[in-house]
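As the structure is a computational prediction, the values presented were derived from the model and not from experiment. Computed over heavy atoms, backbone and side chain alike; hydrogens, waters and symmetry mates excluded.
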Amino acid sequence: MTDGTTKSRPSRAKIALVSAMTLGLAAGGVALAAPAQAATTNYACTVTPLKPVFAGFNSSGTKLVDYQIQVRCYNDRSVYIEQQRWESDDWPNGDDHLGNSSFSRSLGYYSGTVTIHNVRTLTNTEIGNEEVYHKVRHQEGTGGVWSPFTGWKGSGTTSMSN
């Protein structure tokens, strides 16, 4: 004898299974659509730390390093960028943290690629060459709404004599 609920249980199970698979496929599609460099691209802006370059000497004769950051936005956005500057050391020594900086810019589609220059003195942390690099992360905003920060993205390393 059937009470009508035995037929509805398999139907409910099928609906639940189809719903779960649909959500799984949708989530998988979002994961597959992530940008190749997710650490530097957020919603409409790409922020890229460039390899540091020699920038001359200051008035005291100390070498200068330009820690450049390229920024491009594909819609009108404000970006807030945090930068960490580092000197690389071999194991077992840890890398030396040289300092932090932050930058705010308002950019749009027609701004093109903008390069931020952060010129600093070359810090003498060891005998021999200094191997310098930097990391950046950013968030972008529009209309008072801000995205979360991206992950940190590191530049290439430049070796400079003291």
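- Put simply, V53 and V119 are part of two different groups of oily side chains (I, L, V, M, F, W, Y) that touch within less than 4.5 Å, one to the next.
- When each of Q84, R120, H134, E82 is checked for a side chain to side chain donor-acceptor pair (under 3.5 Å) with S101, only R120 meets the rule.
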Check: Given M160 and N129, is the side-chain contact (heavy atoms from CB on, under 4.5 Å) satisfied, shown in steps?
Finding: CA-CA 5 Å; M160 291 187 185; N129 287 356; over 6 Å; no

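- The two residues G128 and N162 come nearest to each other via the heavy atoms O-ND2, 3.0 Å.
- Side-chain atoms of S88 never come within 3.5 Å of backbone atoms of V132 as a donor-acceptor pair (strictly under, hydrogens ignored).
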Check: Stepwise, does the side-chain contact (heavy atoms from CB on, under 4.5 Å) test hold for Q70 with L50?
Finding: CA-CA 7 Å; Q70 277 191 346; L50 302 178; 3.6 Å; yes

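- Cluster annotation: Y74 and I116 are assigned to distinct hydrophobic clusters (Ile/Leu/Val/Met/Phe/Trp/Tyr, side-chain heavy-atom contacts under 4.5 Å, transitive).
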Next item on the list: Go through the steps to decide whether E87 and E126 satisfy the test side-chain contact (heavy atoms from CB on, under 4.5 Å), and finish with yes or no.
Entry: CA-CA 10 Å; E87 197 279 330; E126 62 192 352; 2.7 Å; yes

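- For the residue pair D96 and D89, the shortest heavy atom distance occurs at OD2-OD2, 2.9 Å.
- Between Q139 atom CD and W146 atom CH2 the span is 6.0 Å, to the nearest 0.5 Å.
- Here the side chains of L98 and T125 are in contact, with some heavy-atom distance below 4.5 Å.
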Next item on the list: Walk me through it: do Y67 and I69 pass the test side-chain contact (heavy atoms from CB on, under 4.5 Å)?
Entry: CA-CA 7 Å; Y67 297 90; I69 305 167; over 6 Å; no

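- Cluster membership check: F149 does not share its hydrophobic cluster with V47, using side-chain heavy-atom separations under 4.5 Å among Ile, Leu, Val, Met, Phe, Trp and Tyr.
- Contact annotation: the side chain of K153 never approaches that of T48 to less than 4.5 Å [non-hydrogen atoms, C-beta and beyond].
- At a threshold of 4.5 Å between side-chain heavy atoms, the hydrophobic network of Ile, Leu, Val, Met, Phe, Trp and Tyr places V114 and I81 in one connected group.
- We find the OH-OG distance between Y80 and S104 to be 6.0 Å, quoted to the nearest 0.5 Å.
- Within the 4.5 Å cutoff, no side-chain heavy atoms of D95 are placed close to those of E131.
- Taking each heavy atom of R77 and C45 in turn, the nearest pair found is CB-SG, 3.7 Å.
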Notebook entry, point to check: Going through the distances and angles, do N118 and Q83 end up as a side-chain hydrogen bond (donor to acceptor under 3.5 Å, both in side chains)?
Noted result: CA-CA 10 Å; N118 188 11; Q83 178 191 58; 2.6 Å; yes

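- Considering only heavy atoms from C-beta on, K63 comes within 4.5 Å of S161 through its side chain.
- Between the side chains of Y43 and N75, no donor-acceptor pair of N or O atoms lies under 3.5 Å.
- Checked against the 6.0 Å centroid criterion, the rings of W86 and H97 qualify as a close aromatic pair.
- S106 and S78 are linked by a side-chain donor-acceptor pair at a separation below 3.5 angstrom, with hydrogens and angles left out of the test.
- Environment of CG in N100: crowded, with over 12 heavy atoms of neighbouring residues, nucleotides or ligands closer than 6.0 Å.
- Counting only distance, with no hydrogens or angles, the side chain of T150 and the backbone of H138 share a donor-acceptor pair below 3.5 Å.
- P52 approaches T158 most closely through the heavy-atom pair O-OG1, 2.5 Å.
- Contact check for L122 versus L64: no side-chain heavy atoms found under the 4.5 Å cut-off.
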